[in-house]
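Data first, discussion second: the structure below is written as structure tokens.
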Protein chains: 2
Amino acid sequence: MASLAPRRSKGPRAGLELSDADALAQVSFVVLGTLGRRASEHGLSIIQTRLLGVLRDRTPSMNELARVLELDKSSVTGLVDRAEDRGLVARIPSPADRRSVQVALTHRGRSLAAQATDSFEADVGELLDGLSPAQRRTLAGLLGRVVLDYARGRGLDISEPRGPSAGRASS
Amino acid sequence: MASLAPRRSKGPRAGLELSDADALAQVSFVVLGTLGRRASEHGLSIIQTRLLGVLRDRTPSMNELARVLELDKSSVTGLVDRAEDRGLVARIPSPADRRSVQVALTHRGRSLAAQATDSFEADVGELLDGLSPAQRRTLAGLLGRVVLDYARGRGLDISEPRGPSAGRASS
DNA sequence: TATTGTTATACTCTATAACTATA
DNA sequence: TATAGTTATAGAGTATAACAATA
């Protein structure tokens, strides 16, 4: 019975009876709405911000980017085009394969991403203002688990560092 | 230091050290991505699904819809246009104010929304597969609290039923 | 005058299909 | 042939500004 929208509770107890799906969907709308507003203050969209975030510690090919962002490769072409036009990322020819390019952050892109994420962090702090530090830790732990499980299910094991072209273990 | 993207952990312990902002952002991407895929199986977008969800127990004006969805009124015009073209919603002239319309679900819209949310519920169940029932309850409780706080902060107190035209402060 | 909603316009984002260049 | 990436095209979604009708 997910409403996918805030609903008034009908019983005597006030409004905390959300299903898992409702709670997750509603929080996701709020979180990405907040992220979007902050991003737009810096002239970025959500997906552009996400692109910059992904590039923070990677230099993926267009194909890899498409897989990580779950977009068609042609969508990534446009996304990277617009970011490149604005000087936020750069296409670097792959040394190994002349068909391929690697996408990297420019200094300007890195700086802009840092600004946007900093203000987003502050927003999240405000969003979680009603939770105790212990509750925040609990929440972050549970959500982290969910993310990790999802990534594993998609074959993207983020707990084991892998280079963009190499498959190497951390230790 | 939000990366807004899955990151490899650098320490010896494997990848669960996410900041609040990272955890929330990443889960939101996953949740809305899942919702989007399900919705598209039913020919809906995320925002169309959300529109139908909002209309599940309300018949708001265009203005109210814009406020709830946090969109410009002109965006809502297009959104409702496309939904109306597909027979999912209907514009009903407001009896009280001849400038205003009320937007309502059609039977087809209600049925489609139910289908989409049902499969989304199943997806969320799968997403939370790694959590115990107790952990799920904890998660839903914490998230519900966050949503409620946010709605209160915006003056949309969802725990207190209000008519569409009433405007009352909660604090 | 103020408010409700639509229209005109421009841009981002997205996917599908066809294409080029390289492997 | 297969793969990496781009281009062409079409459509959804969004905001700003100007507008019409009503209050």
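Since the model is a prediction, treat every value here as computed from it, not as a measurement. All chains are named by letter (A, B, ...) in the order of the sequence lines, taking the proteins before the strands, and each is independently numbered beginning at 1.
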Atom-to-atom span, [atom1] of [X] to [atom2] of [N] - whole angstrom:
X: B:N63; N: C:dT6; atom1: CG; atom2: P; value: 10 Å
X: A:E70; N: C:dA15; atom1: CD; atom2: P; value: 10 Å
X: A:L79; N: C:dT12; atom1: CG; atom2: C1'; value: 10 Å
X: B:K73; N: C:dT6; atom1: NZ; atom2: P; value: 10 Å
X: B:L32; N: C:dC13; atom1: CG; atom2: C1'; value: 16 Å
X: A:L69; N: C:dT12; atom1: CG; atom2: C1'; value: 15 Å

Protein and nucleotides 7-11 of chain C: nitrogen or oxygen contacts under 3.5 angstrom:
none

Check your understanding: Between A:D81 and A:R86, is the closest basic N to carboxylate O distance under 4.0 Å?
Key -> no
Point to revise | Neighbours of DNA chain C within residues 90-100 of chain A, by heavy-atom distance under 4.0 Å | key: A:D97, A:R98, A:R99
Study note, to complete from the structure: Assign each of B:S61 and A:L71 the nucleotide of DNA chain C bearing its closest heavy atom; nearer the 5' end lies the nucleotide of B:S61
Practice item. Any chance you could lay out the side-chain contact (heavy atoms from CB on, under 4.5 Å) test for B:L35 and A:F29, step after step, and finish with the verdict? Key: CA-CA 11 Å; B:L35 176 55; A:F29 288 139; 4.0 Å; yes
Check your understanding: Can B:S61 and B:N63 be counted as having a side-chain donor-acceptor contact under 3.5 angstrom?
Key -> no
Review point. Hey, does the side chain of B:R91 reach the backbone of B:Q102 with a donor-acceptor pair shorter than 3.5 angstrom?
Key: no
Review point. Just by modelled atom types, is the A:R110 backbone N or O under 3.5 Å from a matching donor or acceptor in the A:R56 side chain?
Key: no
Student check: side-chain heavy atoms of [X] and [Y] closer than 4.5 Å:
X: A:D20; Y: B:L143; result: no
X: B:I47; Y: B:L71; result: yes
X: A:F120; Y: A:V124; result: yes
X: B:L88; Y: B:L44; result: yes

Practice item. Drop me the distance from B:D22's CG to A:E121's CD, to the nearest 0.5 angstrom. Key: 7.0 Å
Check your understanding: If you measure from CG on A:L112 to NE2 on A:H107, what distance do you get to the nearest 0.5 Å?
Key -> 14.5 Å
Study note, to complete from the structure: So the contacted stretch of DNA chain D, first to last nucleotide with an atom under 4.0 Å from a non-hydrogen atom of chain B, runs from D:dA12 to D:dA23
Exercise for review: Taking salt bridge (Lys or Arg N to Asp or Glu O under 4.0 Å) as the test, write out the residues that go with B:E70, two or more places apart.
Suggested key: A:R37, B:R154
Check your understanding: What pairs with A:R99 under salt bridge (Lys or Arg N to Asp or Glu O under 4.0 Å), at least two apart in sequence or on another chain?
Key -> A:D97
Exercise for review: Describe the nucleic acid contact of B:V101 in one word from base, sugar-phosphate, nothing, applying a heavy-atom distance below 4.0 Å.
Suggested key: sugar-phosphate
Revision key, fill the gap. Per-helix bend value, the helix from C:dT1-D:dA23 to C:dA23-D:dT1, C1' rotation axes over five pairs per end, 10° rounding, shows 10°
